[in-house]
Novice: 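For reference, the structure I am asking about is given below.
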Amino acid sequence: MLLDFLQQLGHRSLSIFARLGRASQFLLVTLMALPSVVMRPFLLVKQMYNTGVQTLLIILVAGIFVGMVLALQAYIVLVDFGAEESISLMVSLSILRELGPVFTGLLFAGRAGSALTAEIGLMKSTEQLSGMEMMAVDPMKYIIAPRFLAGVISVPLLALIFMAVAVLGGFFVATDMLGQYEGVFWSQMQVKVDFYDDVVNSIIKSAVFGFVVVWIAVFEGYDCVPTSEGLGQATTRSVVYSSLAVLGLDFVLTAVMYAV
Amino acid sequence: MNMDTPINTSAQPNDILIEIRNLHFSRGDRPIFDGIDMDISRGQITAIMGPSGTGKTTLLKLIGGQLKPDAGTIKVDGEDVHKLSHKALYDLRRRMMGMLFQSGALLTDLSVYDNVAFPLREHTHLSESMIHHLVLLKLQAVGLRGARNLMPAELSGGMARRVALARAIALDPQMIMYDEPFTGQDPISMGVLVTLIRSLNEALGLSSIVVSHDVPETCSISDYVYLISAGKVVEHGSPAQLAKSESAWVQQFMGGLADGPVPFHFKGPSIMDDLMQSGLG
Amino acid sequence: MSTRNIEILVGLFVAGALAALFMLAMKVSNFTSYGETDGGYEIRARFDNVGGLKVRSPVSAGGVRVGKVTNISYNNESFEAVVTMNIESKYKFPKDTSAGILTAGLLGEQYVGLEPGGDEENLAAGDMIELTQSALVLEQVIGQFLYSKAQDK
């Protein structure tokens with residue numbers, strides 16, 4: 001009984017390590033294939049459309065509402081201390097430091113990451129990847145690398161748009177609904193929000209999230225069992241793992257960036 | 001023996017396109033190939049037949065260098081496929097090989113025209129008008145010039161395979177590997193494919209390898225047949241020779257008989273024992 | 001969708017992101033104030049206690065932001081904290097200006113407040129402000145209050 005359990009444990013850890021190994025090797029090959037994307041810029045543009053532009057709508061809507069809700073909540077808390085002029089500060093810092101990159105990472109994983117996994121998995125199960133190899137076209141260069149690069153570029157861009165829209169959402173609530181002066185809103189924010197500490201760090205954060213989410217999504221598709229069941233499992237795993245990775249990495253990055 | 005007469009010309013190394021020696025391959029613990037030797041001649045249609053699950057598709061992937069054998073060698077045009085660098089392997093594929101997948105493996109986001117143009121655009125520097133001509137010619141060869149603006153999702157299975165065939169011959173390879181070309185086709189598309197494989201082989205001077213378990217169709221077009229089962233080559237020869245084989249297994253396979261050396265029943269306890277046991281339980 | 005439309009949409013997407021970056025830099029953060037400090041001059045002040053003052057905390061005089069804290073260190077000989085501030089060159093202060101660490105609002109952030117004196121000469125780069133008032137530490141204030149209450153009785 002105990003031996004069975006130990007054997008199970010050993011088996012599982014070995015297979016997890018094997019997967020990690022495959023994922024790292026896959027990443028290495030992908031990175032080496034990246035220069036070839038320069039040769040086919042139209043593929044990159046097409047994938048920027050598929051991953052970036054297609055995710056834009058959900059990012060815009062989510063951004064506006066997150067900004068508006070934050071402003072309302074900030075008001076409810078701050079008005080008790082007579083500090084409601086700090087609404088903009090609370091909204092902008094929460095969005096820049098955490099919510100912008102994290103929300104974008106999670107939404108991207110759900111919208112574009114799952115689609116990437118499903119698309120590549122389907123290409124694998126319909127032998128399109130094999131077929132390409134036999135036509136002497138490397139799918140790592142033609143399929144994987146452009147998707148990877150497009151994702152890594154798109155996520156920080158999406159995060160920037162999310163953050164700007166969220167601040168505007170907060171602005172709308174603070175000024176139009178709560179009657180704050182426009183000047184107060186912007187000036188309060190500028191005093192405490194630092195370009196390098198907050199804006200640049202949030203871009204770095206979102207770039208890291210983009211890298212990890214796209215890596216997981218593309219790998220899960222490429223590594224999936226080429227059956228309809230395997231494809232479904234791979235898509236689920238892609239979203240679950242990349243969401244967890246975003247949240248876990250967010251803690252690590254925050255600790256590194258903001259901890260004293 | 002008279003030393004002046006040349007020995008059997010078909011055994012000249014120059015006539016052998018693919019030489020497989022002592023090939024071993026296994027998936028996990030399950031051996032797929034257990035010491036296979038094969039010679040595939042230039043300019044002929046060679047069929048590889050065997051029951052489902054004997055790894056016929058795997059063999060094509062081994063020849064194409066997509067899988068690595070556990071032991072043994074595969075030489076294509078004198079080059080050991082699995083000793084080549086990544087670049088040299090891709091060169092060899094571009095120069096020599098075309099492959100027709102069971103599903104067609106068309107790129108779903110490109111139209112029929114773009115699918116056929118794909119290898120030309122990737123591997124040549126031809127002008128678009130030149131590519132246009134070539135694509136139309138290749139599509140004409142498979143009879144689908146009129147379908148060039150359709151997307152792969154709008155094609156029937158047989159049409160998808162013909163488009164894939166046009167794509168496979170786009171770069172004028174020396175050999176084409178057909179993976180189960182007849183499976184799941186209605187009689188008409190089956191007839192079209194049979195004719196196409198034969199006529200393309202003659203018109204383009206190709207060498208073809210057809211992997212299949214559709215015995216009559218495959219035998220009707222192939223010059224030479226290898227029968228594999230349980231990881232070994234069971235029998236080889238021309239279709240006529242195989243038909244006369246004395247092996248009971250070959251007779252069962254070629255004739256499509258339900259019972260023979262391969263039993264109708266999956267191995268298990270006898271029905272008597274099974275029934276008795278459940279009755280007692 | 002045609003290649004041209006896809007390219008246009010991707011172009012819009014990238015342009016939108018750049019516009020967002022521009023807005024975050026100019027409107028939301030203090031990016032605009034980075035350039036202004038180039039021509040400033042540095043003065044220093046000693047404090048017994050800097051409280052929650054941080055690098056980049058604002059320096060203001062009469063409610064106007066005139067510069068920012070660039071460095072906070074501890075002097076091993078006088079056992080005091082030394083705060084270095086960068087003051088924008090357009091603002092002048094007399095030699096006997098005093099500095100205090102103040103708090104914006106009850107729980108707000110801390111900043112250095114400069115109180116100009118009456119000297120003829122102005123502070124120059126590298127000068128030390130002699131008159132300082134340390135930060136209010138809430139625990140100390142409460143402690144003193146309780147102590148004096150106890151003595152009253």
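If you're wondering where the values come from, they're calculated on a predicted model, not measured in any experiment. Residue numbering restarts at 1 for every chain, and letters A, B, ... go by the order of the sequence lines.
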Novice: Give, as side chain, backbone, both or neither, the part of A/Leu157 having an atom under 4.5 angstrom from any heavy atom of chain C.
Specialist: both
Novice: For A/Ser154, is it the side chain, the backbone, both, or neither that has a heavy atom closer than 4.5 Å to a heavy atom of chain C?
Specialist: both
Novice: Report the C-alpha separation of C/Leu21 and A/Ile203 in whole Å, then their side-chain angles, then the decisive distance to 0.1 Å, and conclude whether the side chain to side chain contact (heavy atoms under 4.5 Å, CB included) test is met.
Specialist: CA-CA 10 Å; C/Leu21 176 64; A/Ile203 297 175; 3.7 Å; yes
Novice: Which pair of heavy atoms, one from A/Leu160 and one from C/Leu24, lies closest together, and at what distance?
Specialist: CD2-CD1, 3.7 Å
Novice: Is it true that, when you exclude C/Phe145 itself, more than 12 heavy atoms of the residues, nucleotides or ligands shown sit nearer than 6.0 Å to its CZ?
Specialist: no
Novice: Pairs of donor and acceptor atoms involving the side chains of residues 36-44 of chain A, under 3.5 Å and at least two apart or interchain, shall be tabulated with distances.
Specialist:
unit_1	atom_1	unit_2	atom_2	d
A/Ser36	OG	A/Ala33	O	2.5
A/Arg40	NE	B/Glu122	OE1	3.3
A/Arg40	NE	B/Glu122	OE2	3.3
A/Arg40	NH2	B/Glu122	OE1	2.6

Novice: Do C/Met23 and A/Leu168 make a side-chain contact, defined as non-hydrogen atoms from C-beta onward lying under 4.5 Å apart?
Specialist: yes
Novice: I'd like to know if the side chain of A/Gln190 reaches the main chain of C/Lys27, judged simply by a donor and an acceptor atom lying under 3.5 Å from each other, with no hydrogens or angles considered.
Specialist: yes
Novice: Walk me through whether A/Met48 and C/Val14 qualify under side chain to side chain contact (heavy atoms under 4.5 Å, CB included).
Specialist: CA-CA 10 Å; A/Met48 291 269 296; C/Val14 175; 4.0 Å; yes
Novice: Give the intermediate values and the outcome of side chain to side chain contact (heavy atoms under 4.5 Å, CB included) for residues C/Val28 and A/Met163.
Specialist: CA-CA 10 Å; C/Val28 176; A/Met163 294 186 290; over 6 Å; no
Novice: Measuring from C/Leu18:CG to A/Ile161:CD1, what's the distance to the nearest 0.5 Å?
Specialist: 9.0 Å
Novice: For A/Val199, is it the side chain, the backbone, both or neither that has a heavy atom under 4.5 Å from a heavy atom of chain C?
Specialist: side chain
Novice: Taking NZ in C/Lys54 as the centre, count heavy atoms belonging to other residues, nucleotides or ligands within less than 6.0 Å. Is the count above 12?
Specialist: no
Novice: Ignoring hydrogens, what is the shortest heavy-atom contact between A/Leu158 and C/Phe13? Give both atom names and the distance.
Specialist: CD2-CE1, 3.5 Å
Novice: Given that the side chain runs from C-beta out, which part of A/Ile153 has a heavy atom under 4.5 Å from chain C: side chain, backbone, both or neither?
Specialist: neither
Novice: Is A/Leu96 close to chain C through its backbone or its side chain, or both, or neither, when contacts mean heavy atoms under 4.5 Å?
Specialist: side chain
Novice: What are the two closest non-hydrogen atoms of C/Val10 and A/Val45, and how far apart are they?
Specialist: CG2-O, 3.5 Å
